[in-house]
Amino acid sequence: MKTTRFGRCQWPSKSDEYESNIDRSNANVRVKYVKFKKMTEPFQRCSPQFSLRESPHPCSTLAFDRNLVEDMVMFKVSRVETKPYDGQKPGTSGLRKKVKVFLQPHYLQNFVQATFDALSSEKVRGMTLVVSGDGRYFSKDAIQIIIKMAAANGVRCVWVGQNGLLSTPAVSAVIRERVGSDGSKASGAFILTASHNPGGPNEDFGIKYNMENGGPAPEGVTNSIYVNTTTIKEYLIAEDLHDVDISTIGVTSFSGPDGHFDVEVFDSADTYVKLMKTIFDFQSIQKLLSRPKFTFCYDALHGVAGAYAKRIFVEELGADEKLLLNCVPKEDFGGGHPDPNLTYAKELVDRMGLGKSQSLVDVPEFGAAADGDADRNMILGKRFFVTPSDSVAIIAANAVEAIPYFSGGLKGVARSMPTSAALDVVAKHLNLKFFEVPTGWKFFGNLMDAGLCSVCGEESFGTGSDHIREKDGIWAVLAWLSILAHKNKDNLSGEKLVTVEEIVRQHWSTYGRHYYTRYDYENVDAGAAKELMAHLVNLQSSLSGVNKIVNEAGSDVSNVVHADEFEYRDPVDGSISKHQGIRYLFEDGSRLVFRLSGTGSEGATIRLYIEQYEKDPEKTGRDSQEALAPLVEVALKLSKMEEFTGRSSPTVIT
């Protein structure tokens with residue numbers, strides 16, 4: 001059966017099944033006569049002399065495209081037998097595996113069905129669902145599969161960002177802010193991303209589910225998903241549903257056993273950009289960017305942030321497009337590793353004068369990078385690196401004055417446990433509520449939903465606020481530009497601007513400095529990683545034994561006064577999260593933290609966090625690695641890192 005499609009609405013055209021006579025002489029496109037031999041649900045509401053603009057059909061209000069002709073499909077639901085796969089337990093950010101794992105028969109389908117079943121049929125049936133991601137390899141195929149499974153499970157409408165692209169923060173914004181033409185709101189999303197992990201046929205793919213608040217599924221849901229993956233016997237799919245064109249904005253309509261089913265493709269940036277303009281003073285930022293002395297550089301690392309960078313920085317804020325690096329999203333991220341740190345964002349690091357060759361003359365005043373799904377960020381000044389821990393503390397300290405969204409004050413602040421205590425000091429100084437949570441943005445989301453937290457962050461380059469329920473890389477960049485604009489509001493015509501480095505050093509002089517570094521040991525044998533962590537737990541039974549190792553390693557390190565495995569009781573729902581990282585706390589406020597990361601696709605990643613607090617303004621200007629060298633030596637000896645892992649050095653130092 002063929003239908004002529006006008007904008008969002010599909011209406012019958014001439015065929016053997018029915019006759020139609022449509023008056024195209026005016027914008028109302030009035031259906032004069034429709035005769036069906038066999039009526040289907042979408043057309044049962046149509047009648048002679050039916051005006052589209054008067055129509056109760058939810059899609060009738062948009063402009064019409066008289067040239068678009070598509071199939072109207074009456075799809076069937078198939079039940080496909082399957083068997084469980086081992087290891088489909090979602091981590092802190094969903095399920096991440098190599099692409100070749102996801103390409104196994106029924107692998108993706110099992111996880112998607114397990115998720116629908118965990119939500120319950122009452123929630124799924126009739127819902128509006130967002131399905132998009134960072135555009136990495138296999139995303140387009142995965143979107144079509146999920147659309148067909150959504151239709152079979154009774155979903156009413158699927159929203160897809162144009163070309164399947166939506167950043168993780170944009171997905172959260174779409175769930176929370178976007179209203180469909182029929183007044184509908186999305187109540188969940190499948191986000192297709194492996195975040196900062198590489199992409200391509202031989203690299204990583206990932207999928208996670210976000211809830212109606214726009215945040216990641218809580219542990220109760222992810223645990224149910226996992227249990228379902230271990231017992232799954234079949235999944236539902238509309239196999240005869242044709243693939244939807246996700247490159248063109250518009251609505252494709254289908255009909256099935258549960259009635260009408262729509263797939264709406266929409267502009268990936270609209271909702272997010274509108275939200276940013278309600279948070280920040282774009283005019284103030286624009287004045288800063290228009291100043292000849294102020295230059296900046298933004299690197300999307302060929303991730304989905306590129307879909308937003310031109311729109312925001314160039315079209316809205318007037319920056320020169322030449323200052324955008326790697327802002328064309330690619331399935332393999334241009335062969336690079338889309339992780340915004342000093343190791344992988346090499347082109348930006350070099351341009352900002354932080355590479356091995358520091359002889360560049362025209363170094364920008366401000367630089368920033370994003371990861372694959374645009375929820376992480378790295379902030380750089382001219383020849384100066386801002387640690388993520390310092391970044392969130394500085395944003396919190398300046399938010400009320402520099403960002404209109406926070407002009408009424410902050411409700412509270414929070415950080416992940418491995419993040420340095422720089423934010424703690426700001427909270428104490430400003431008399432703000434403060435929370436230390438496990439790694440995972442869902443813990444921040446609970447606090448935000450309860451009205452307890454405005455600004456939060458984690459050391460792994462994640463920063464955000466309660467405007468959405470995900471960390472937000474571009475938000476962090478706009479926050480820093482807002483702080484720079486505020487600090488220079490009376491000096492825009494002067495020769496010298498207040499710089500990123502000056503803002504950070506002034507912060508240290510006020511609040512003290514937390515020397516901080518992170519060592520990542522990636523793709524370590526999983527068994528060896530677990531043995532190392534068990535060894536660290538066993539050591540904690542005797543602090544005297546621990547301090548003997550500490551004293552043998554270096555005289556410049558104070559004694560350990562407390563050691564534990566971090567455990568968190570959520571102040572909102574009372575849930576308890578155990579085994580969230582191994583901590584060694586020193587008498588002078590220094591810390592060593594060891595964690596196994598759940599964001600890799602294979603093997604294990606051991607993260608070692610090293611922190612030392614310095615309050616004396618005369619001692620806050622040292623090189624970080626030099627200041628932390630004695631603690632690093634202690635950490636490596638305590639953990640027997642090389643003995644357990646065979647690694648003499650970390651993969652990445654941040």
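These figures come from a predicted structure and were not determined experimentally.
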Next on the checklist: Between F205 and Y137, is the ring pair (Phe, Tyr, Trp, His ring centres under 6.0 Å) condition met? List the steps.
Outcome noted: CA-CA 7 Å; F205 186 76; Y137 185 85; 8.9 Å; no
Quick check: closest heavy atoms across [X] and [Y], and the distance to 0.1 Å?
X: L430; Y: A397; answer: CD1-CA, 4.2 Å
X: S268; Y: L166; answer: O-CD2, 3.4 Å
X: E458; Y: T419; answer: CA-OG1, 3.1 Å
X: Q540; Y: A563; answer: CG-CB, 3.6 Å

[Y] backbone acceptor or donor facing [X] side chain under 3.5 Å:
X: N341; Y: T343; result: yes
X: S172; Y: P169; result: no
X: D525; Y: G527; result: yes
X: S391; Y: T387; result: no
X: Q104; Y: V101; result: yes
X: D570; Y: G574; result: no
X: E567; Y: Q580; result: no
X: S416; Y: T439; result: no

Within the 3.5 Å criterion, strictly below it, is a donor on [X] or [Y] matched to an acceptor on the partner's side chain?
X: T82; Y: N110; answer: yes
X: T193; Y: D134; answer: yes
X: H467; Y: D472; answer: yes

Item to check | By side-chain contact (heavy atoms from CB on, under 4.5 Å) - contacts of P90 (at least two apart) | outcome: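 Once residues adjacent in sequence are excluded, the partners of P90 under the side-chain contact (heavy atoms from CB on, under 4.5 Å) criterion are F111, T222, I225, Y226.
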So, [X] and [Y], do they make that salt bridge, N to O below 4.0 Å?
X: E203; Y: K98; value: yes
X: D204; Y: K97; value: no
X: E522; Y: R607; value: no
X: E459; Y: R518; value: yes
X: E331; Y: R136; value: no
X: D267; Y: R311; value: yes

Item to check | Aromatic contact, F280 with Y405 (centres under 6.0 Å) | outcome: no
Checklist entry - Centres of the F333 and H302 rings: under 6.0 Å? => result no
Next on the checklist: Angle between ring planes, Y209 versus F190, binned at 30° and 60°: parallel, tilted or perpendicular?
Outcome noted: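 It falls in the perpendicular class, over 60°.
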With rounding to the nearest 0.5 angstrom, report the [atom1] to [atom2] distance, [X] to [Y].
X: I207; Y: S139; atom1: CD1; atom2: OG; result: 10.0 Å
X: H579; Y: L596; atom1: NE2; atom2: CG; result: 12.5 Å
X: S482; Y: I279; atom1: OG; atom2: CD1; result: 10.0 Å

Item to check | K185 atom NZ: more than 12 heavy-atom contacts under 6.0 Å | outcome: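 Yes.
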Item to check | Within 6.0 Å of NZ in K89, more than 12 heavy atoms from elsewhere | outcome: yes
Checklist entry - Think R178 forms a cation-pi with W159, using NZ or CZ under 6.0 Å from the six-ring centre and within 45 degrees of its axis? => result yes
Item to check | Step-by-step side chain to side chain donor-acceptor pair (under 3.5 Å) determination, E219 to S577 | outcome: CA-CA 9 Å; E219 285 190 73; S577 300; 3.2 Å; yes
Checklist entry - What's the verdict on side chain to side chain donor-acceptor pair (under 3.5 Å) for T463 and N377, showing C-alpha distance, side-chain angles and the deciding distance? => result CA-CA 8 Å; T463 324; N377 72 95; 3.1 Å; yes
Checklist entry - Given D373 and S167, is the side chain to side chain donor-acceptor pair (under 3.5 Å) satisfied, shown in steps? => result CA-CA 5 Å; D373 65 331; S167 71; over 6 Å; no
Checklist entry - Which residue pairs pass the salt bridge (Lys or Arg N to Asp or Glu O under 4.0 Å) test with at least one member in residues 410-425, sequence neighbours excluded? => result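 Passing the test, one end in residues 410-425: K411-D466, R415-D424, R415-E436.
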Checklist entry - Could you walk me through whether K208 and E470 pass the salt bridge (charged side-chain N to carboxylate O under 4.0 Å, His left out) check? => result CA-CA 12 Å; K208 72 170 185 173; E470 288 280 5; 2.7 Å; yes
Next on the checklist: Set out, in order, the CA-CA distance, both residues' side-chain angles and the distance that settles side chain to side chain donor-acceptor pair (under 3.5 Å) for D117 and N228, then state yes or no.
Outcome noted: CA-CA 7 Å; D117 292 345; N228 290 343; 5.1 Å; no
Item to check | With sequence neighbours excluded, residues passing side-chain hydrogen bond (donor to acceptor under 3.5 Å, both in side chains) with S78 | outcome: E239
